[in-house]
Amino acid sequence: MPYVDRQNRICGFLDIEENESSGKFLRRYFILDTQPGSLVWYMDNPQNLPIGADCVGSLKLTYISKVSDATKQRPKAEFCFVINAGMRKFFLQANDQQDLVEWVNALNKATKITVPKSCNAQQNVENQKALLDILGPKKQVSYRTDIIGGVPIITQTQQEGGEGQEGSERELLRRSYSQLPYFLGRPTQDRAVIKSGYCVKQGAVMRNWKRRYFLLEDNTMSYFKSDLEKEPLRMIPLKEVHKVQECKQSDIMMRDNLFEVVTTSRTFYIQADSPEEMHSWIKAVSGAIVAQRGPGRSAATPRTTLTV
């Protein structure tokens, strides 16, 4: 679901058909900011990208005429809606029906309070480029500017590190994995999967943040490089978890949707993609611990008190 971040911007993950009529939707992180009057999308949450990372694309709110449900226009694309901007239509996929409704309402509301300014197409292109400059220093990245019906659309055409590698990595994030069943490529015998999905975790040594695939089972919480990996990077026995709760240090770390899993030897800081996902993980992990220890044992030892 979209949520409001610390800068009062509406944010969240959506899938977008960047190449019109291609039918290929790519997972992107969207920021709707009424201050500069723009909708900007990135490969991932900018908090998890290198400092100064460029956006993938941007669209001025003044050019958006209407945002609406596109189920009939794209019957094969689930939870699809469309942004009408001049003669260009941007088709996007939400995570579920509620997510679709909230994004459509937020975008329509934002465009209603935006006052269009009269300027020619060249000035519009310069304004779009200025927005990209504000977002951070340039890297070896090229952009394509298309004037479609008088609307300048800036999209990234090449990214440092190779398009193929980036495409394969981001394809893993195509849909909301927390909504999907356990990946069948990994053995599932004698395992009861409670919850799975992508989150961002802080490293123990370098303190950097990396996206990992988390898997919660009856007795353990594990994380992998991706949902295609068979061997986890680490397994956290639930019997060692003393507490799981929304992180009070999020103000220091300046991260939204942050929760902590406190164990005997270490505190794991984990960032979910939305407030709903954060609370869902806290509830799932807490429930799994209670189920494992039994109703009486969890309350018997003060060290194992769970905070939701």
Side-chain angles (χ1 to χ4, degrees), residues 2 5 7 9-50 52-67 70 74 77 80-94 103-104 106-107 110-111 114 121-167 169-171 173-175 273:
D5 70 359
Q7 300 179 50
R9 305 174 303 180
I10 297 175
C11 309
F13 281 97
L14 292 166
D15 295 347
I16 182 172
E17 185 186 49
E18 290 184 339
N19 297 323
E20 195 171 9
S21 302
S22 66
K24 184 179 181 181
F25 288 80
L26 299 172
R27 193 71 166 167
R28 299 288 184 250
Y29 185 84
F30 284 77
I31 297 178
L32 172 59
D33 194 346
T34 55
Q35 234 10 61
S38 63
L39 177 67
V40 186
W41 54 99
Y42 294 82
M43 286 289 187
D44 196 357
N45 187 331
Q47 293 180 343
N48 308 322
L49 296 173
D54 291 295
C55 65
V56 177
S58 65
L59 179 61
K60 278 288 187 180
L61 299 183
T62 51
Y63 300 126
I64 298 177
S65 58
K66 184 181 179 183
V67 184
R74 292 294 179 87
C80 186
F81 65 96
V82 60
I83 297 176
N84 294 275
M87 296 179 66
R88 171 74 195 268
K89 294 179 182 291
F90 290 89
F91 288 92
L92 301 99
Q93 282 184 285
W103 271 109
V104 169
L107 286 164
T111 55
T114 303
Q122 182 60 36
Q123 288 175 319
N124 290 338
V125 172
E126 291 175 357
N127 290 338
Q128 288 280 317
K129 290 181 178 179
L131 173 61
L132 294 175
D133 290 335
I134 294 172
L135 294 171
K138 294 289 182 180
K139 295 183 179 180
Q140 298 300 318
V141 181
S142 60
Y143 291 88
R144 182 183 73 251
T145 302
D146 299 315
I147 306 297
I148 304 176
V151 179
I153 306 297
I154 297 179
T155 54
Q156 185 172 310
T157 58
Q158 185 179 356
Q159 178 153 347
E160 190 176 18
E163 183 179 351
Q165 179 183 357
E166 185 65 44
E169 290 177 357
R170 296 302 168 183
E171 192 64 19
L173 305 179
R174 193 188 66 81
R175 297 300 297 154
D273 288 342

*Atom CZ in Arg27, atom CG in Leu14: separation rounded to 0.5 Å?*
7.0 Å
*Going through the distances and angles, do Leu39 and Ile83 end up as a side chain to side chain contact (heavy atoms under 4.5 Å, CB included)?*
CA-CA 11 Å; Leu39 177 67; Ile83 297 176; 3.8 Å; yes
*side-chain contact (heavy atoms from CB on, under 4.5 Å) with Arg9: which of Asp33, Val40, Thr34?*
Asp33
*Under the side chain to side chain contact (heavy atoms under 4.5 Å, CB included) rule, what do Tyr29 and Leu49 come out as? Steps first, then yes or no, please.*
CA-CA 11 Å; Tyr29 185 84; Leu49 296 173; over 6 Å; no
*Distance from Ile31 atom CD1 to Asn45 atom CG, nearest 0.5 Å?*
7.0 Å
_Euclidean distance, Leu32 CG relative to Cys11 SG, rounded to 0.5 Å_ = 8.5 Å
_Sidechain-backbone polar pair: Lys24 side chain, Glu18 backbone, donor-acceptor under 3.5 Å_ = no
*Flag this pair as yes if the NZ/CZ of Arg88 is under 6.0 angstrom from the six-membered ring centre of Phe90 and inside a 45 degree cone about the axis; otherwise no.*
yes
*asked:* Test your reading of the model: is there a side-chain donor-acceptor pair from Asn84 to the backbone of Lys66, 3.5 Å cut-off?
replied: yes
*Determine the sole option in Trp103, Tyr42, Phe13 for which the side-chain contact (heavy atoms from CB on, under 4.5 Å) test with Phe30 is passed.*
Trp103
_Please identify which of these residues, Arg74, Gln93, Lys89, meets the side-chain hydrogen bond (donor to acceptor under 3.5 Å, both in side chains) condition with Glu17._
Arg74
*Can you tell me how far the CD1 atom of Ile64 sits from the CG atom of Leu59, to the nearest 0.5 Å?*
4.5 Å
*Of all heavy-atom pairs between Ala77 and Cys80, which one has the smallest distance, and what is that distance?*
O-CB, 3.3 Å
